[in-house]
2 protein chains.
Amino acid sequence: MTTPLLNDRDMEFMLYELLDSEQLLNRERYREHSREVFNATLDTAKTIAEKYFANHNAKGDANEPTFDGENVHQIPETKQAWDAFAEAGFLAAHYDFDEGGMQMPEIVLRIANAYISAANIATAGYGFLSLGAANLLRSFGSEEQKARFIPPMQEGRFSGTMALTEPNQGSALADISTYAEPQADGTYRLFGQKMYISGGDQSITENIVHMVLAKIKGAPAGVKGISLFICPKVLVNEDGSLGARNDVALAGLLHKMGYRNTTSTVLSFGEKGGAEAYLVGEPHKGLHYMFQMMNEARIGVGLGAAILGYQGYNYSLNYARERPQGRLPSCKDPESKQVNIIEHADVRRMLLAQKAYAEGAMAMCLYASSLFEDAETAPTEQARSDAFELLDLLTPIVKSWPSKYGLKANELAIQVLGGAGYIREYPVEQYYRDNRLNPIHEGTEAIHGLDLLGRKVPMKNMQGYALFKKTVTQTLATAQADALTTEFVAPLQQALDTLDDVTQTLLPQMARDVDLGLANATLYLDLFGRVVAGWLWVEQAVVAARGLQRENLHRDDDNFYRGKLQAARYYCEWELPEIQPQAKLLKDCNAVCFDMKNEWF
Amino acid sequence: MTTPLLNDRDMEFMLYELLDSEQLLNRERYREHSREVFNATLDTAKTIAEKYFANHNAKGDANEPTFDGENVHQIPETKQAWDAFAEAGFLAAHYDFDEGGMQMPEIVLRIANAYISAANIATAGYGFLSLGAANLLRSFGSEEQKARFIPPMQEGRFSGTMALTEPNQGSALADISTYAEPQADGTYRLFGQKMYISGGDQSITENIVHMVLAKIKGAPAGVKGISLFICPKVLVNEDGSLGARNDVALAGLLHKMGYRNTTSTVLSFGEKGGAEAYLVGEPHKGLHYMFQMMNEARIGVGLGAAILGYQGYNYSLNYARERPQGRLPSCKDPESKQVNIIEHADVRRMLLAQKAYAEGAMAMCLYASSLFEDAETAPTEQARSDAFELLDLLTPIVKSWPSKYGLKANELAIQVLGGAGYIREYPVEQYYRDNRLNPIHEGTEAIHGLDLLGRKVPMKNMQGYALFKKTVTQTLATAQADALTTEFVAPLQQALDTLDDVTQTLLPQMARDVDLGLANATLYLDLFGRVVAGWLWVEQAVVAARGLQRENLHRDDDNFYRGKLQAARYYCEWELPEIQPQAKLLKDCNAVCFDMKNEWF
């Protein structure tokens, strides 16, 4: 039994029904496209995913990359997959036509990439890192830098990385110690070590473009002294040909629990006199620039977590439909036929929870992608700015909620399979191991909690927050107007009111004592995330209810929409009420953890 | 940094303060022992754990057992550890003196074994399986069977297994298809396959005694047709010498996510004419007998989960005390010294939650062990019977709550370490992988939910349930009487009332419609488990409060007791309120999952 890649019907629902992406065709940038072009892009991605990525998801896990002191070795399927991805144009598809791209909208590419990650998230990682690095250059690099590095990254000859973390600094970027010495020719020499750099070395491209955070000697302390540099593994001559090996060395590979075919590296810069590097943009603005890549990557992490949750759901659903075991409690005849385990109420609970988490997380990440798109191409300045503010507010949630609940879905997928779920002969344990990374990288939950409550909510007079409330209120009005969805109004309204109540209590508290006020920020992140997920489930229910009222509905569509309604019901009745005890702790500014002393542990 | 094995101060607290095990010395069976003997037993276990088990916990994970078609190969440290465990007498310590044992109480041995499992749970597994198999023989075997098999199991020359599950039957034992053909000489021949048999083959003992469930040809259908057999890997002559190889073959090893140095096997019985086997006790009573081993094993699984949670807590606590990173939100000076991460409120939350889960789970399993002891050796018939009933009620919880929350603790340990938590260079990811097994084996959560609500609670006119309520009520009275613990009375009382309210609502519902009434049994299991854990935290707080009032208290003890109080506070304020939304779903007999249809997924 292989795991189906996502669910085509659901992807169609998300793209065209929930997010109404067909209206993108009215925008100038997409005038030459059509729904057929979008679908053909998705088909290409699916074909590549099935042919070049799915074939080595387990193999790449069982045979992780090795380092012989000189070169990294990976199973050959890794490079074949990379090449297929590059040849199909996915490293350039989002660029404008005149940049060598296909001018494809963000949301279509996110779904295309979702298919590829669903097949093999570890190998897919190289592509997404490289896309992010190139986008950073595209936004902030000089014309000369762009001309030299972007084309080979579009072609897949070069890949890219983001090199932020150091052995002594993970979350605390302010304290990085990698430094840059300016040279007479305008270049810099980098010295220092970076750690947990994904794709920091590999066996698939002839060069790697590291986007490195470092401090120029004499720079101000803290985040205000961080600059961004391009530091290629191999120097690139002006004509684009490869020059000497740069002074960036792989100090070693790290051995992860999952995500194994994405190398995780320790890189040493400047052990032989300094790694040649080029300043991007202005000095000391590196962190600000890097946030573009991080924010993109954060949606990507959320989406990856959603996808892994989705794949575990797919596999365990098929398993539950085929595995006979036991009988219902009411059946006392030991000679009667066993039922398939999907008939057991608790298995249905575990499947429905997975559906709620996986499809909810997918909706959240694709909604974020649509905001990303709107921030760039919406027809009015107001619409663009609103989308930007809303995305800025929601980014910590889009990264964190899917990471937490996607993992929870994978835990349930294992449980549905029982003993089979725990052995490597079945794929679900790998999804679980892979997914455990997502609540950590691109900012831990704690970091995002502080970002959300400490910065994003109060920012600009709570503009993003107000936009979110307005958006939910619109959904409530729509839900109220349709008999099929009125049941969802009260729980969502209550959740929104609870969030608002908590927020209004916490903000003045933070002003009085910021340490205590932010002490439970991770809890706030989870509560806010649940409200966003709840809203997106009601939104999905509204769209499904509309679908159900179409004439001559195909039986499959009828089942699909009813499944959406039932999952929304599950979310509203089983998950949303859990925010109430959280809200109480937050409103009380509960200090039990805050007050715990080191010596009491 | 190595992980400390458990926490000696806490084990002393559990053994002598919380469970007052010194009073065991008043019982006839333990008259010749002393507190010093108990402590010496624990010291021996610790020494062996440190010397022979801790040395290959990571190595056994990285080099899992292999099978060449003939023999199983394991790293040599496995057998060395087994031999040291056997030589120290731990395979016989609980037997009476006249059985060649040390007449040691259950609770002391549970803690001794906890130290060993803390060092290496996978290698420790062989000992516990063997102890359980021998105990089953001791209780139900004939004198001849006992004489032939128990001594070599006590010496460690033979090990034991429990062989229940089959490729097609995991939770549904009623449907096993392994069958037994009676022979003229009174023996049987077994035919069939067993799967997920831990220790089903290995490289450490000269023989393996499989305790096998099978149906005698012509037996009634269902559980009433299951018998228990002894089926040794190698036949044993009457004089105890080894004979021919029996017809039990290792069909293959399974490859687990964790717990890797415990082999998980597929065994084929009777491929060459039938595996010689000996009926234990009477025909068709096999499942009843096996429940003794399963119930023992269930406490063992809970304890294993608690221990893994404990080890993750220990490691992440030390890490948090030593790892500098970032500053408090109130600190705006980027040149100030970084704080150790234990200073961050969210890290303290994650440590306090781990403490609450790990020490709470440990208290739960050791309390169960004390009930196990009391059921055997309490001075009055009433006390023995009460202990038995209470343990019988609580067994599903003692197995399940630690398995769920011990794993949650390990998830948090990874999160405290951040990126370091996700790589195999640190031990916490292994604890997490190891612990994922525990909610599955010895009955999944769903099985225990059904057992608790469907059988254990209503059983014998709710006698066990009434005893539990009485026990909690006593704790409430004690807590009320001490100013240091009155704060815990209201939350625990509310939790108990909630449990009672839910239970009284569900029982008539089950009578009306058993399928719907039991549909949310897993949720009930979790709610009940939280109440038991909450009770044990208040009980620990009561004991800690008493300790705080001792004169001339050492500073370390003062800190220790205050930590217990703060963890009880955490549990009462952060965890117990979460049962309220669960209670609502249960009381409403919420049917969202029950009503979900196969075709809607």
Side-chain angles (χ1 to χ4, degrees), chain A residues 170-172 174-175 196 221-222 254-257 317 325-326 328-330 334-335 338 342 345-346 348-349 351-352 355 415 418-419 422-425 429 436-437 439-440 444 446 514-515 518-519 522 559 562-563 566 569-570 573-574 577-578 580-581 585 590 592-594 596 598-601, chain B residues 170-172 174-175 196 221-222 254-257 317 325-326 328-330 334-335 338 342 345-346 348-349 351-352 355 415 418-419 422-425 429 436-437 439-440 444 446 514-515 518-519 522 559 562-563 566 569-570 573-574 577-578 580-581 585 590 592-594 596 598-601:
Chain A
S171 300
D175 297 284
Y196 302 115
L254 299 162
H255 300 91
K256 300 196 293 299
M257 168 159 57
L317 174 59
Q325 192 83 174
L328 297 190
S330 56
E335 305 204 51
Q338 296 196 63
I342 198 168
D346 194 57
R348 280 212 293 275
R349 173 188 66 82
L351 293 170
L352 194 48
K355 181 180 168 76
Q415 199 67 18
Y422 191 67
I423 58 175
R424 309 203 300 281
E425 283 78 353
E429 66 85 32
R436 184 63 191 85
L437 177 58
I440 298 171
T444 60
V514 69
D515 293 331
L518 284 173
T522 306
N559 282 327
R562 288 191 195 281
Q566 194 74 357
R569 203 165 283 135
Y570 169 82
E573 296 183 27
W574 283 66
E578 293 185 358
Q580 296 309 327
L585 289 168
N590 187 289
V592 170
C593 304
F594 186 76
M596 180 71 183
N598 187 344
E599 59 273 21
W600 292 354
F601 280 109
Chain B
S171 300
D175 296 285
Y196 302 117
L254 298 162
H255 300 90
K256 301 194 293 299
M257 169 159 55
L317 174 60
Q325 192 84 176
L328 297 190
S330 56
E335 306 206 49
Q338 296 196 60
I342 199 169
D346 194 57
R348 281 212 293 275
R349 173 188 65 82
L351 293 171
L352 194 48
K355 181 179 169 76
Q415 200 67 17
Y422 192 67
I423 59 175
R424 308 202 301 279
E425 283 78 355
E429 66 85 33
R436 184 64 190 83
L437 178 58
I440 298 171
T444 60
V514 68
D515 293 331
L518 285 172
T522 306
N559 283 328
R562 289 192 193 280
Q566 194 73 359
R569 204 165 280 134
Y570 168 82
E573 295 184 27
W574 284 64
E578 292 184 359
Q580 296 309 327
L585 289 168
N590 187 290
V592 169
C593 304
F594 186 76
M596 180 70 182
N598 187 344
E599 60 272 22
W600 290 355
F601 280 109

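Proteins get letters first, then strands, A, B, ... in listed order; numbering begins at 1 in each. As the structure is a computational prediction, the values presented were derived from the model and not from experiment.
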What residue in B/Arg569, B/Lys355, B/Glu599, B/Glu335 has the most heavy-atom pairs under 4.5 Å with chain A? B/Glu599

Under 4.5 Å between any side-chain heavy atoms of A/Gln415 and B/Pro439, yes or no? yes

Looking only at non-hydrogen atoms, find the nearest pair between A/Asp346 and B/Ala446 and report the distance. OD2-CB, 3.3 Å

Okay, A/Leu518 and chain B: the region with an atom under 4.5 Å from a heavy atom over there is side chain

Considering only heavy atoms and a distance below 4.5 Å, find which of B/His255, B/Gln566, B/Glu429, B/Gln338 pairs most often with chain A. B/His255

Where on A/Lys256 is there a heavy atom nearer than 4.5 Å to chain B: the side chain, the backbone, both, or neither? both

Quick one: what part of B/Tyr570 sits under 4.5 Å from any heavy atom of chain A, side chain, backbone, both or neither? both

Among B/Leu317, B/Asn598, B/Thr444, the residue with the most heavy-atom pairs under 4.5 Å to chain A is B/Asn598

Shorter than 4.5 Å, heavy atoms on both sides: which option in A/Gly222, A/Pro334, A/Ala174 has the most such pairs with chain B? A/Pro334

A/Ile440 versus B/Gly419, closest heavy-atom pair with distance: CG2-N, 3.5 Å

A/Leu585, part contacting chain B, at a heavy-atom distance under 4.5 Å: side chain

So do B/Tyr422 and A/Leu254 actually touch side chain to side chain, heavy atoms under 4.5 Å? no

For chain B, which of A/Cys593, A/Gly563, A/Ala519 has the most heavy-atom pairs under 4.5 Å? A/Cys593

A/Arg562 versus B/Met596: any side-chain heavy-atom pair under 4.5 Å? no

Gap separating the CD atom of B/Glu573 from the CG atom of A/Asn590, nearest 0.5 angstrom: 5.0 Å

Answer whether the closest heavy-atom distance between the side chains of B/Phe601 and A/Asn559 falls below 4.5 Å. no

Please classify the contact of B/Leu352 with chain A as side chain, backbone, both or neither, using a heavy-atom distance under 4.5 Å. both

Against chain A, work out which of B/Ala345, B/Ser171, B/Pro577, B/Pro329 has the most heavy-atom pairs shorter than 4.5 Å and name it. B/Pro329

Whatever's closer than 4.5 Å to a heavy atom in chain B on A/Gln580 counts as neither

Does A/Glu578 reach the side chain of B/Glu578, with side-chain heavy atoms less than 4.5 Å apart? no

Which portion of A/Leu437 sits near chain B, non-hydrogen atoms under 4.5 angstrom: both

How close do A/Ala172 and B/Gly326 get, heavy atom to heavy atom, and via which atoms? CB-N, 3.6 Å

Does any heavy atom of chain A fall under 4.5 Å from the side chain of B/Leu351, the backbone, both, or neither of them? both

